[in-house]
Protein chains: 2
Amino acid sequence: MSEPERARAATIFDVARLAGVSHQTVSRVLNDLPNVRPATRERVEKAIAQLRYVPSPAARALVTRRSRTIGLVVTGAHERGPSSTALHFNAAARDARYAVITASMMRTDVAELRAAAELLVRQNVEAIVLIATDRSGVDALEGVELGVPLVTVASEQRGVRHRVTLDQFAGARAAVEYLVELGHREIRHVAGPEGSMDASERARAWFQVLSDRGLVAREPMQGDWTPESGFERGRALAEQRDFTAVFVANDQMAIGVMRAFAVAGLDVPGDVSVIGFDDLPESEFLSPPLATVRQDFHGLGGDAMALVLSALGDEATPDPPLRPTELVVRGSVAPPAPHLP
Amino acid sequence: MSEPERARAATIFDVARLAGVSHQTVSRVLNDLPNVRPATRERVEKAIAQLRYVPSPAARALVTRRSRTIGLVVTGAHERGPSSTALHFNAAARDARYAVITASMMRTDVAELRAAAELLVRQNVEAIVLIATDRSGVDALEGVELGVPLVTVASEQRGVRHRVTLDQFAGARAAVEYLVELGHREIRHVAGPEGSMDASERARAWFQVLSDRGLVAREPMQGDWTPESGFERGRALAEQRDFTAVFVANDQMAIGVMRAFAVAGLDVPGDVSVIGFDDLPESEFLSPPLATVRQDFHGLGGDAMALVLSALGDEATPDPPLRPTELVVRGSVAPPAPHLP
DNA sequence: GGGTGGGGATCGGGGAGCAAG
DNA sequence: ACTTGCTCCCCGATCCCCACC
C-alpha cells in the first residue's frame, strides 16, 4: 500500500501545456495583464477551468509578499462587544474577498499579543486588525513596527493611528443625563475593570455629567464585567441605600446588580433605577426590562474593514467617524420616589 | 521618497551567519533533527532568539506542502454555542501551533457554506472544521469531496464522518426527568427552530421522557432561539395554563418565556417551573435564577482540535466520546403547587 | 509594435549528496 | 561514528529581459 498520495495539484505549467501557450502567458492571464489576445486568454481560461487549477497561495505569497489575508487579534473574546465586532468584521472581510486569520484570546497578555501579531505578520497578512479591550493591549501593538498597517478597534485615542470605535462617551452621557432629568440626584456607578478603555470612557462620562450638574459623584464601585461581580457590588450598594439610581457599565453586571437588589428587597425601579450598557438580546425581557445603551457592532465591523481597505490603498475611504450609540429606555428606570433622599 | 519598504524579516541565512554555522545546521535545529551537538544547537537557538527569527510559513508551506493552517466554518455565529465553541477551538489550535482561517456566518446558506469551504481549500488549509447548527449545513459539506479532512461539530450523526459533540440528548433528558421527579405531569416544551440539530435532540429527549413515564406530550411550541420568540410562545402558554412546568430549549428563550409569565401574573416557580438550556453567565442572576443545562464548550473546542490532529496523523488520538452536560438546578423550578392541575 | 515564448532570477526554506574535520 | 559545511536542486508562482513573428 502506497501513501494515500493526494493528487498533486496542477501547476501553471500544466495549464500552459494544455492551452498550448507558455507559462508566461498563463501568468499574464492570471494577473490580468494587458497584451493578451482575447482568443488566447480564452484558451487559457478554458484550460484553467478544465484542470480546476488554482494558483498556489504559498508560492504566490512567497514571491509577492501579499496574501489577500488579514490578521485579526481579539482580546476579551468571550465578551459581547469584542466577539460581536469580530464576527461582523469577519463577514465584511469575506465580502471584500479577504481571508481572515484569527487569534482570539480571553485576556490581554502583552507578550502573547505581540507573539500572535508577529506570527500573523510572518503569515504574510496584509494588515492586522486589533480588537482591544485594554489600554495595554493597544500599547502592545502600537509600540512595535509590524511592517503592515494596523487598524485598532478601541475606545481611546491615545497614540492610536488607525482607529474605529463606538461613541461610548456619548452613550454613557446620554444614559446618565436621562437619569438626572428624571430627577435623580444620587447616582452611583458600577464600573468595569481597571485598564479597560470602555470602562473608563463610561465612568468618565458619568463623572462629567454629575460634575456639570453640580451633583456629588461618589466613588464608583468596580466590577469585572461579569454578573457575579455585579451581584457583589449590588449587595454592597443595597446596604448603603444612599442613592436612587445606578448606572452600570454593562448589562451583565446590571443583571447581577438587579438580582442583588431583588434579594435585598429593593424594588427596581420603585426604589432604585438601574441602567446598563450593551443591550444584550435578553435585556428587553428581564423583569423589569433593562434600560441600556445599544451599540452598532455590525457597523463597527464594517468600519474596521473599510479602514483596512483604505490603509491598503485598495480603495479610498476616509477615516470613519465615531459610530453613534443609542439610549434604550425601559422599565428599569423611573423618577425617584419622593420619600427617598 | 522611496517605497515604505517593509524591513525584510530575518532569513535562515541571517541566523546561520550570526551563529557562525551553515544554513543546513540551522535547518537541522529548526526541525529537531538528530546529529547536532548540544553546544551548537544552543548557539543557533540563541541566534534565533536574538534575531527574533521565525521561519516563513509561505516558504515552508511551499516545500513541505503543508500549511499548518486550518479552516474553520461557523454557522449560527451569533449564538452562544457556536461562538463559544469557535473561540475555544481557536485557542486550542493556537496551542498546537496551527493558524486558523475563519469564515463566520449567521445563517446556514448551503451555497455560501460551500463557497466558503472551497475558498478555504484554495488557501491550502490542511483540514476544515465545521461548526454546524443545521442539518443542511452538515449535508452541504459532507456531500462534497474537499480533498482535506473534515471535522464536524454537530449534534447528529447522520452521515457525519468525523464528529465531536456534546451530549444534548442526555442533558435534556436529565432536565425533564428532574421535573417529572419533582411531581410535574404536564410539562410543555418550547423548542428551537426547524432544521436545528440541537433543537431536535432536545425535543426528542423531552418527548422520550414523557413517553416513558406515560405522560402526555402536547405539541411543542417552536421558537427561533431569540428571547422575542420565547416571549411570544410564553404568552400563548400563559393563556392556556394547562401545565405546571416548561422545558425551554435555550436560556434566551426561557428568559422571554419567564417575562411573558411575569406579565401574565404567573409566578415562577410558584405557579410554573421553568428550565432552560445553555447556562448563560447571567442565568444564575435572574429573578428567579434560571435552572438550566450547562455545556462544556471549552472541552468541545479541544475535542475538535484533537480530532483534527488525529485526522492529520500528527498524533494518535481516538475519536472523542460525547461530552457530558450538567444539570444546574436553580430557583426557577419547584414541585408543582398542589392546587393546580 | 502588439502579442507571445524562452530563459532565468527570485522568494525562503527543505533536503540530498558528498567531503571534511 | 558523529557532526558540520558546501553545493545544488526543489517547491510554484512572479517578473524581467530579450527575441521572434
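Letters A, B, ... mirror the listed sequences (proteins, then strands); counts begin at 1.
- Closest to the side chain of Val21(B), from the set dG5(D), dT14(D), dG12(C), is dG5(D).
- The phosphate of dC6(D) has neither OP1 nor OP2 within less than 4.0 Å of any side-chain N or O from Ser22(B).
- Leu30(B) places its CG atom 8 Å from the P atom of dG13(C), with the value rounded to the nearest Å.
- For the pair Arg66(A) CZ and dC15(D) C1', the interatomic distance rounds to 16 Å; values are reported in whole Å.
- Atom pair Ile12(B):CD1 and dC10(D):P shows a separation of 19 Å (rounding to whole Å applied).
- A straight line from CG of Asn31(B) to C1' of dA16(C) spans 15 Å, rounded to a whole angstrom.
- The CG atom of Leu33(A) sits 14 Å away from the P atom of dG5(C) (whole-angstrom rounding).
- Mapping Tyr53(B) and Arg28(B) onto DNA chain C by nearest heavy atom places Tyr53(B) at the nucleotide closer to the 5' end.
- Rounding to whole angstrom units, CZ of residue Arg17(A) and P of dG5(C) are separated by 14 Å.
- When the nearest nucleotides of DNA chain C are assigned to Arg37(A) and Phe13(B) by heavy-atom distance, the more 5′-ward of the two goes with Arg37(A).
- Between Ser27(B) and dG13(C), a side-chain N or O to OP1/OP2 separation shorter than 4.0 Å is absent.
- Phe13(A) and His23(A) have tilted rings, their planes meeting at an angle from 30° to 60° on a 0 to 90° scale.
- Contact between Ala140(B) and Leu113(B) at its shortest, heavy atoms only, is CB-CD2, 3.9 Å.
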**OP:** Let me see the working for Ser27(B) and Ile12(B) under side-chain contact (heavy atoms from CB on, under 4.5 Å), right down to the final yes or no.
**Re:** CA-CA 8 Å; Ser27(B) 179; Ile12(B) 198 172; 4.0 Å; yes
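- Put simply, the side chain of Arg163(B) gets close to the backbone of Glu156(B): a donor and an acceptor are under 3.5 Å apart.
- Counting atom types as modelled, Gln24(A) pairs a side-chain N or O with a base atom of dG6(C) as donor and acceptor under 3.5 Å.
- Using a 4.0 Å heavy-atom criterion, one finds that Arg122(A) contacts the sugar-phosphate atoms exclusively.
- Asn124(A) places its CG atom 10 Å from the C1' atom of dC11(C), with the value rounded to the nearest Å.
- Remark: Ser56(A) is not in phosphate contact with dA13(D), judged by side-chain N or O atoms under 4.0 Å from OP1 or OP2.
- Val63(A) comes within 4.0 angstrom of a base, heavy atoms only.
- Close to dT14(D), at under 4.0 Å from its OP1 or OP2, lies a side-chain N or O of Arg60(A).
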Subject >> Step-by-step side-chain hydrogen bond (donor to acceptor under 3.5 Å, both in side chains) determination, Glu126(A) to Thr69(A) >> reply: CA-CA 6 Å; Glu126(A) 297 183 25; Thr69(A) 294; over 6 Å; no
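- Contact annotation: Arg65(B) side-chain N/O to dC10(D) OP1/OP2 distance is not under 4.0 Å.
- Between the CG atom of Leu62(B) and the C1' atom of dG15(C) there is a distance of 14 Å, rounded to whole Å.
- Taking 3.5 Å as the limit, the base of dC15(D) and the side chain of His23(A) contain a donor-acceptor pair of atoms between them.
- Contact record, Arg114(B) with Leu141(B): CA-CD2, 4.2 Å, taken as the closest heavy-atom pair.
- For the pair Asn35(B) and dT3(D), the criterion of a side-chain N or O lying under 4.0 Å from OP1 or OP2 is met.
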